[in-house]
**Student:** 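Below you'll find the structure I mean.
The analysis underlying the following values was restricted to heavy atoms, covering all of them including side chains, and did not include hydrogens, waters or symmetry mates. We number each residue from 1, following the sequence as shown.
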Amino acid sequence: MEQTDVLIIGGGLAGVMTALTIADSKKVTIVTKRSQKEGNSWKAQGGIAAALGDDDSPKRHIEDTRKAGCNKNDSEMVHILAREGKSRLQKWMNEGLQFDVTEQGTLDLGREGAHSCRRIAHVGGDRTGKEMMRYFIDKLKGRVSFHTHWTVVQLIVEGKKCCGALFLNEKGKLTVVKATHTVLATGGIGGLFTHTSNDNHLCGDGLAVAARAGATLTDLEFIQFHPTLIKGDVSSCGLASEAIRGEGGSLVNQLGEPIMSKDHSLSDLAPRDIVARVMYEQISKGNSLFLDISCIHSFHTKFPQVVQLCELANIDWTKGSIPVLPGPHFHMGGVETDENGRTSLAQLYAVGEVACTGVHGANRLASNSLLESLVFGERTGEAILQASSEQPFHYPSSDESVISSFYKAFWEAPAKKEIQKRVDQALGIVRNESALRTFIDWVHHVLPNNFSQTSAFMSKEQVEVAHMLLAAKLVAEAALRNEVSCGAHFREDIEGVIGS
């Protein structure tokens with residue numbers, strides 16, 4: 001058993017920013033499912049969006065964010081993101097966080113889908129996430145405790161307060177971490193699908209443990225599909241940044257015909273939900289799709305990470321095109337929070353992709369994810385410091401009751417690939433009632449009835465599979481309830497669409 005002031009479950013940018021804000025005042029423990037250098041934040045290519053350009057403003061950023069989100073966004077949260085995002089990012093830039101600059105020494109800002117101007121700051125071309133994580137992780141060295149390769153099993157709740165969490169550690173042994181404040185920063189749900197831009201271990205653990213603990217979840221049906229996953233011979237092998245289209249790249253079919261020129265005024269830089277649905281229609285007709293990069297000079301220096309991914313997959317990018325397909329990229333829904341990361345369960349917070357502040361609405365604006373992590377990660381840390389000064393906290397006296405509820409039980413768990421195949425069919429770019437009901441019925445059949453109350457499985461594999469099933473079922477139920485196609489949620493069996 002371990003005791004700490006603040007337990008952060010997840011080690012991406014959102015969790016790291018929360019930790020940095022409180023590291024000098026609190027004992028902080030960060031627990032990650034894999035190593036410190038795995039997760040979506042490390043893979044982020046495009047950059048971070050903020051109104052840093054002379055021709056830009058927070059007001060303009062707000063307008064673009066709301067338009068991309070089909071105006072389903074929470075207005076207050078969007079204002080916080082855009083206005084504080086600029087000042088908070090500039091603060092870190094003044095302290096040494098560096099972004100790519102032009103020969104004249106000004107920020108080399110890029111443009112991505114649904115942005116009305118160039119506002120994407122990037123590092124090392126398409127290595128923004130990796131370089132930002134290196135910068136901030138370096139600032140955390142020696143100031144917090146890290147546990148890697150630990151799988152969260154369940155949250156510990158006593159008296160309607162979250163008091164920590166139960167884990168299976170790197171040796172598969174049950175371990176309790178008690179905490180005054182617990183922060184979910186577990187990332188998204190891309191691992192529920194066969195092809196994803198996400199690390200495949202991100203499969204809904206945070207949603208599952210939060211739901212079982214009684215926290216409110218919202219907007220779960222809104223899953224953004226990125227148009228340009230790199231298509232290998234067998235599966236997807238990484239992401240081709242949207243910044244490529246910002247530099248002039250275009251989507252074409254096997255005949256070299258552009259597919260977006262007639263479907264939206266922004267053509268290839270239309271919002272991601274629009275582009276993904278056009279690609280879905282093309283693929284349904286039997287067409288193969290490619291990202292035409294022939295017009296981009298010095299592609300290998302501008303997008304070194306994409307070049308590396310192509311070469312690892314034996315894709316010859318020098319011929320001027322990259323095979324692509326759309327795939328799940330970002331979850332707009334999640335654990336409902338306020339502007340300071342607080343959830344409906346006392347002492348439990350959520351930040352980053354696992355959280356839903358409402359800032360993204362029905363479809364996230366490109367490169368707002370790193371900004372969200374920075375802004376709301378810091379705000380959550382600030383809220384924890386304020387809450388700590390308000391009232392004392394008493395830890396549960398014993399961890400025996402927690403561990404005793406976790407027992408062995410025989411369960412013939414379905415394979416992950418089987419789950420992913422069924423999730424693809426039910427929760428893809430285009431959905432319908434029949435497929436959703438079929439999937440929900442299947443989950444009811446294979447997931448033990450008592451899992452919503454207790455953890456009945458001892459292996460990490462079984463816990464992860466159970467979390468996948470519960471998270472996917474919750475998303476499918478939300479998609480079934482919502483009979484209005486809007487943004488990243490599209491029901492082909494319902495007439496009328498609220499588009500971007």
Side-chain angles (χ1 to χ4, degrees), residues 43-50 52-56 64 98-132 197 226-232 236-262 264-272 275 278-279 288-326 329 365-367 370:
K43 296 164 70 98
Q45 293 180 2
I48 183 167
L52 301 172
D54 293 337
D55 62 340
D56 201 1
D64 289 348
Q98 297 181 349
F99 293 98
D100 294 341
V101 296
T102 65
E103 293 180 357
Q104 292 73 37
T106 59
L107 278 175
D108 184 16
L109 298 174
R111 186 179 178 187
E112 295 182 0
H115 288 271
S116 60
C117 63
R118 300 179 75 88
R119 68 161 63 95
I120 315 302
H122 48 83
V123 189
D126 59 359
R127 293 173 175 166
T128 309
K130 182 181 295 184
E131 296 305 319
M132 287 186 68
S197 65
H226 197 290
T228 51
L229 271 62
I230 301 170
K231 183 181 179 182
S236 61
C237 49
L239 184 70
S241 170
E242 191 163 292
I244 294 173
R245 281 174 283 145
E247 294 301 314
S250 61
L251 289 163
V252 299
N253 61 23
Q254 73 275 14
L255 300 176
E257 300 168 337
I259 67 169
M260 287 302 304
S261 57
K262 297 179 181 179
H264 196 278
S265 59
L266 291 175
S267 188
D268 288 280
L269 290 177
R272 289 173 177 172
V275 181
V278 172
M279 294 179 74
S288 298
L289 300 177
F290 299 85
L291 183 58
D292 185 344
I293 60 172
S294 59
C295 69
I296 302 177
H297 298 292
S298 302
F299 183 84
H300 64 290
T301 58
K302 291 181 178 178
F303 302 102
Q305 189 162 295
V306 173
V307 167
Q308 183 180 38
L309 290 170
C310 286
E311 291 176 346
L312 288 172
N314 295 316
I315 295 171
D316 187 0
W317 61 273
T318 64
K319 292 182 177 180
S321 67
I322 300 171
V324 293
L325 77 164
H329 179 62
L365 182 66
S367 288
L370 291 179

**Student:** Under the 3.5 angstrom rule, does the side chain of Thr228 hit a backbone N or O of Ala240 as a donor-acceptor pair?
**Tutor:**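 Yes, the answer is positive, given that a donor and an acceptor are paired below the 3.5 Å cut-off.
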**Student:** Once rounded to the nearest 0.5 Å, what's the spacing between atom CG of Leu289 and atom OG of Ser321?
**Tutor:**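 Between Leu289 CG and Ser321 OG, I get 11.5 Å after rounding to 0.5 Å.
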**Student:** Could you give the distance from CG (Asp292) to CG (Leu251), rounded to the nearest 0.5 Å?
**Tutor:**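 Asp292 CG to Leu251 CG: 9.5 Å, rounded to 0.5 Å.
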**Student:** Is the number of heavy atoms from other residues, nucleotides or ligands under 6.0 Å of Gln104 CD greater than 12?
**Tutor:**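 More than 12 within 6.0 Å, yes.
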**Student:** Could you tell me whether the side chain of Met279 reaches within less than 4.5 Å of the side chain of Ile259, counting heavy atoms only?
**Tutor:**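 Side chain of Ile259 against side chain of Met279, heavy atoms only: contact under 4.5 Å found.
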**Student:** Hey, what do you get for CH2 (Trp317) to CD1 (Ile296), rounding to the nearest 0.5 Å?
**Tutor:**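 Here the interatomic distance stands at 10.5 Å.
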**Student:** Which heavy-atom pair separates Arg272 from Pro227 by the least distance, and what is that distance?
**Tutor:**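 Heavy atoms of Arg272 and Pro227 come nearest at CG-CD, 4.0 Å.
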**Student:** So, does Thr128 use its side chain to make a donor-acceptor pair with the main chain of Val123 at under 3.5 Å?
**Tutor:**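 Yes, the answer is positive, given that a donor and an acceptor are paired below the 3.5 Å cut-off.
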**Student:** Walk me through whether Leu291 and Arg245 qualify under side-chain contact (heavy atoms from CB on, under 4.5 Å).
**Tutor:** CA-CA 8 Å; Leu291 183 58; Arg245 281 174 283 145; 3.8 Å; yes
**Student:** Do you know which two heavy atoms are closest between Leu52 and Asp56, and how far apart they sit?
**Tutor:**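 Of all heavy-atom pairs spanning Leu52 and Asp56, the closest is N-OD2, 4.4 Å.
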**Student:** So which pairs with a foot in residues 248-258 pass side-chain hydrogen bond (donor to acceptor under 3.5 Å, both in side chains), sequence neighbours left out?
**Tutor:**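 Matches after skipping sequence neighbours: Asn253-Glu257, Gln254-Asn287.
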**Student:** Does the pair Leu312 and Cys237 meet the rule for a side-chain contact (heavy atoms from CB on, under 4.5 Å), with working shown?
**Tutor:** CA-CA 8 Å; Leu312 288 172; Cys237 49; over 6 Å; no
**Student:** Applying ring pair (Phe, Tyr, Trp, His ring centres under 6.0 Å), can you list everything that pairs with His329, at least two apart in sequence or on another chain?
**Tutor:**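 For His329 the ring pair (Phe, Tyr, Trp, His ring centres under 6.0 Å) partners, ignoring immediate neighbours, are His226.
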**Student:** Step by step, work out the side-chain contact (heavy atoms from CB on, under 4.5 Å) result for Ile322 and Val306.
**Tutor:** CA-CA 10 Å; Ile322 300 171; Val306 173; 4.0 Å; yes
**Student:** Provide the closest heavy-atom pair for Cys117 versus Asp55 in the form atom of the first, atom of the second, distance.
**Tutor:**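 The answer is CB-OD2, 4.1 Å.
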**Student:** How many angstroms lie between CD in Glu247 and OG in Ser241, if you round to the nearest 0.5 Å?
**Tutor:**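 Separation between the atoms: 9.5 Å.
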**Student:** If you draw a 6.0 Å radius around CG in Asp316, do more than 12 non-hydrogen atoms from other residues or ligands fall strictly inside?
**Tutor:**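 Atom CG in Asp316 is crowded, with more than 12 foreign heavy atoms closer than 6.0 Å.
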**Student:** Does a side-chain heavy-atom distance below 4.5 Å link Glu131 with Phe99?
**Tutor:**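 With C-beta onward as the side chain, the pair stays apart.
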**Student:** Quick one: does any side-chain atom of Gln305 pair with a main-chain N or O of Gln45 as donor and acceptor, under 3.5 Å?
**Tutor:**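 Here the side-chain-to-backbone pair does not exist.
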**Student:** Identify all side-chain donor-acceptor contacts of residues 106-115 below 3.5 Å with residues at least two apart in sequence or on another chain.
**Tutor:**
unit_1	atom_1	unit_2	atom_2	d
Thr106	OG1	Thr102	OG1	2.9
Arg111	NE	His115	O	2.9
Arg111	NH2	His115	O	3.0
Glu112	OE1	Ser367	OG	2.9
Glu112	OE2	Ser367	OG	3.3
His115	ND1	Arg119	NH1	3.0
His115	NE2	Ala366	O	2.7

**Student:** Side chains of Ser197 and Lys43, heavy atoms from C-beta outward: is any pair under 4.5 Å?
**Tutor:**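 SC-SC contact between Ser197 and Lys43 ruled out.
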**Student:** Please give me the minimum heavy-atom distance between Asp126 and Pro304, naming the atom from each residue.
**Tutor:**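 Closest pair (atom of Asp126, atom of Pro304, distance): OD1-CD, 3.2 Å.
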**Student:** Report the C-alpha distance between Ile120 and Glu242 in whole Å, list the side-chain angles of each, state the deciding distance to 0.1 Å, and finish with yes or no for side-chain contact (heavy atoms from CB on, under 4.5 Å).
**Tutor:** CA-CA 11 Å; Ile120 315 302; Glu242 191 163 292; over 6 Å; no
**Student:** Would you say that more than 12 heavy atoms from the other residues, nucleotides or ligands in this model lie under 6.0 Å from the NZ of Lys231, or not?
**Tutor:**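 Not more than 12 within 6.0 Å, no.
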**Student:** Nearest 0.5 Å, please: how far is CZ in Phe290 from CD1 in Ile315?
**Tutor:**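 Between atom CD1 of Ile315 and atom CZ of Phe290 there are 9.5 Å.
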